[in-house]
Amino acid sequence: MIIDEKITIFINNLNGKNLFWDSFFQIFASDYLIPVICALSIFSLWFLALDSKRLLLNQKTVFYSISAIMLTNFLVWIVNNLVSRTRPFIGNSDEIQLIFYAPTDPSFPANPVAIGFTVTASIFPSNKYLGYILLVISIIFSFSRIYVGVFYFLDVFSAAIMGFVIALLVRKIMRIKIINFILMKNIKILRLLALS
Amino acid sequence: MNYFNNDIRELFINHYLIYVYLSCFGTLQLVSTISNLRGIMILSNTKANKILGIIFLISGFIFFFSAPLFINSQWTGSSFTRSTLENFASVRNVNDIDGGLHGTAQFLLFFLGCILSFVTSVAISGILGLLKQKPKTLNLNAKKSRGIFTLKNNNYYSSLRLNFRGRFLDDN
């Protein structure tokens with residue numbers, strides 16, 4: 001048994017002992033909590049208008065985040081199809097206790113975790129405070145996904161790295177003159193509508 | 001309270017929309033208070049508006065995750081009942097092929113929630129502003145600010161007028 005499976009089984013075997021922690025991690029692992037918090041963070045950045053310089057930085061970050069999310073989804077989909085790793089509750093059905101719904105898509109890399117870390121890494125340079133909050137939340141989210149039995153440790157770990165790398169990559173790409181020009185044009189149009 | 005629609009997906013869509021609407025509305029009020037964008041603030045008192053924003057933000061989350069405790073539906077398979085304290089955390093974890101929401105649906109509903117919350121904020125703050133005082137005339141300071149910053153001193157309608165006028169005065 002490889003170390004990845006050992007860590008996964010160790011974390012997963014913590015469940016079923018305490019109703020509070022089971023409920024806590026079931027809610028944290030939900031498809032409707034962390035993705036919404038990430039989306040709300042992006043939404044809040046758009047209207048965080050303390051001064052014109054920071055507003056522009058924040059609104060560019062919103063574009064970076066959305067682009068990075070799309071790219072992450074696409075790359076995860078490609079890797080999912082290339083690697084096609086089975087879920088831990090199937091691959092290690094004797095040791096893993098599932099307390100979540102049984103997903104049908106491949107396990108590697110963890111798509112929701114990758115999205116969480118992409119948003120975190122995208123927001124971090126423009127708003128450190130929000131970045132730290134999202135980082136903590138994303139780590140708990142990653143842990144909870146292993147705890148409930150739907151991902152291996154390696155799926156989550158690789159997704160986190162993937163999220164960070166893609167966010168940095170997108171930030172670099174978006175600074176290319178022509179892309180930045182298009183971005184600024186969009187922001188100027190929204191300025192007419194008193195939205196930027 | 002009985003929920004007469006036993007289609008779990010429709011239930012999810014309705015609840016998710018209410019959830020994101022409340023959360024977006026709360027976030028918008030909170031952020032507009034921090035940024036002092038009075039054109040979209042509901043209450044003129046900044047402290048009260050901040051508290052209002054936090055209440056709405058938290059209420060969205062509480063509503064979505066605690067609703068199964070109060071609404072009868074097919075949360076746990078075939079039985080048409082409320083969830084219990086033991087299983088309320090798990091009943092929201094439904095695969096998209098079994099009635100949950102897939103990513104695209106979540107994105108579209110979130111986007112709709114954002115727009116609805118913005119429209120509500122603009123409408124309520126505009127109506128309350130009109131009830132309290134006469135609409136402001138353009139002043140020198142208001143002319144200087146552009147874009148979203150016009151919302152610091154004006155309602156959204158006035159901001160739109162200012163920005164469209166300003167466009168033809170100088171466009172940098």
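Below, chains carry the letters A, B, ... as their sequence lines are ordered, and counting in each starts from 1.
- Atom CD1 in I99(A) sits 12.5 Å away from atom CG in N87(B) (nearest 0.5 Å).
- Options I34(B), T27(B), V20(B) differ in how many heavy-atom pairs under 4.5 Å they form with chain A, and the most are formed by T27(B).
- Atom CZ of F65(B) and atom CD of Q26(A) lie 11.5 Å apart (nearest 0.5 Å).
- Around atom CZ of F143(A), more than 12 heavy atoms belonging to other residues, nucleotides or ligands sit under 6.0 Å away.
- Comparing A39(A), A102(A), S23(A) by heavy-atom pairs within less than 4.5 Å of chain B, the highest count is held by A39(A).
- Residues of residues 45-56 of chain A lying under 4.5 angstrom from chain B, judged on non-hydrogen atoms, are W46(A), F47(A), L48(A), A49(A), L50(A), D51(A), S52(A), L55(A) in numerical order.
- Scanning both residues, P103(A) and N95(B), for their nearest heavy atoms gives CA-ND2, 4.0 Å.
- Only the side chain of L19(A) comes within contact range of chain B, with heavy atoms under 4.5 Å apart.
- Of the residues considered (Y16(B), Y19(B), F64(B)), Y19(B) shows the highest number of contacts with chain A, using heavy-atom pairs under 4.5 Å.
- Going from atom CG of L192(A) over to atom CZ of F164(B) covers 5.0 Å, rounded to the nearest 0.5 Å.
- Residue Y156(B) holds its OH atom at 5.0 Å from CG of L193(A), rounded to the nearest 0.5 Å.
- M41(B) and L128(B) are assigned to two separate hydrophobic clusters, defined by single-linkage of ILVMFWY side chains at heavy-atom distances under 4.5 Å.
- Between A194(A) and L151(B), the shortest heavy-atom contact is O-CD1, 3.7 Å.
- Annotation: salt bridge (Lys or Arg N to Asp or Glu O under 4.0 Å) contacts involving residues 129-150 of chain A, sequence neighbours excluded, comprise D31(A)-R145(A).
- Checked against the 6.0 Å centroid criterion, the rings of Y32(A) and F12(B) qualify as a close aromatic pair.
- Taking all atoms of both residues into account, the shortest heavy-atom contact from Q106(B) to P35(A) is OE1-CB, 4.4 Å.
- Put simply, F63(B) and I55(B) are part of two different groups of oily side chains (I, L, V, M, F, W, Y) that touch within less than 4.5 Å, one to the next.
- Heavy-atom distances place no part of S32(B) under 4.5 Å from chain A, backbone and side chain included.
- Counting heavy atoms of neighbouring residues, nucleotides and ligands inside a 6.0 Å radius, atom CZ of F107(B) does not exceed 12 of them.
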Quiz item: Does the side chain to side chain contact (heavy atoms under 4.5 Å, CB included) test come out yes or no for L33(A) and F61(B), once each step is laid out?
Solution: CA-CA 8 Å; L33(A) 182 67; F61(B) 289 94; 3.5 Å; yes
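- In this structure, the portion of F118(B) lying under 4.5 Å from any heavy atom of chain A is its side chain and not its backbone.
- F100(A) CZ to N93(B) CG: the interatomic distance, rounded to the nearest 0.5 Å, is 4.0 Å.
- I9(A) and Y152(A) sit in two unconnected hydrophobic clusters of ILVMFWY residues. Membership requires side-chain heavy atoms under 4.5 Å apart, directly or through other members.
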Quiz prompt | Pair L40(A)-L57(B), side chain to side chain contact (heavy atoms under 4.5 Å, CB included): steps then yes or no | solution = CA-CA 10 Å; L40(A) 285 174; L57(B) 177 60; 3.9 Å; yes
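- For L30(B), no part sits under 4.5 Å from any heavy atom of chain A, backbone or side chain.
- Judged as a side-chain hydrogen bond (donor to acceptor under 3.5 Å, both in side chains), the pairs with a partner in residues 109-125 of chain A (not counting sequence neighbours) are, in order, T72(A)-T118(A), N73(A)-N111(A), T120(A)-S138(A).
- Under the 4.5 Å side-chain heavy-atom criterion for ILVMFWY residues, no single connected hydrophobic cluster contains both L57(A) and F63(A).
- In this structure, R92(B) has no salt bridge (Lys or Arg N to Asp or Glu O under 4.0 Å) partners at least two apart in sequence or on a different chain.
- Under the 4.5 Å side-chain heavy-atom criterion for ILVMFWY residues, a single connected hydrophobic cluster contains both F89(A) and I7(A).
- Contact check for L195(A) versus I148(B): no side-chain heavy atoms found under the 4.5 Å cut-off.
- Here the OG-CZ distance, from S117(B) to F43(A), works out to 4.0 Å after rounding to the nearest 0.5 Å.
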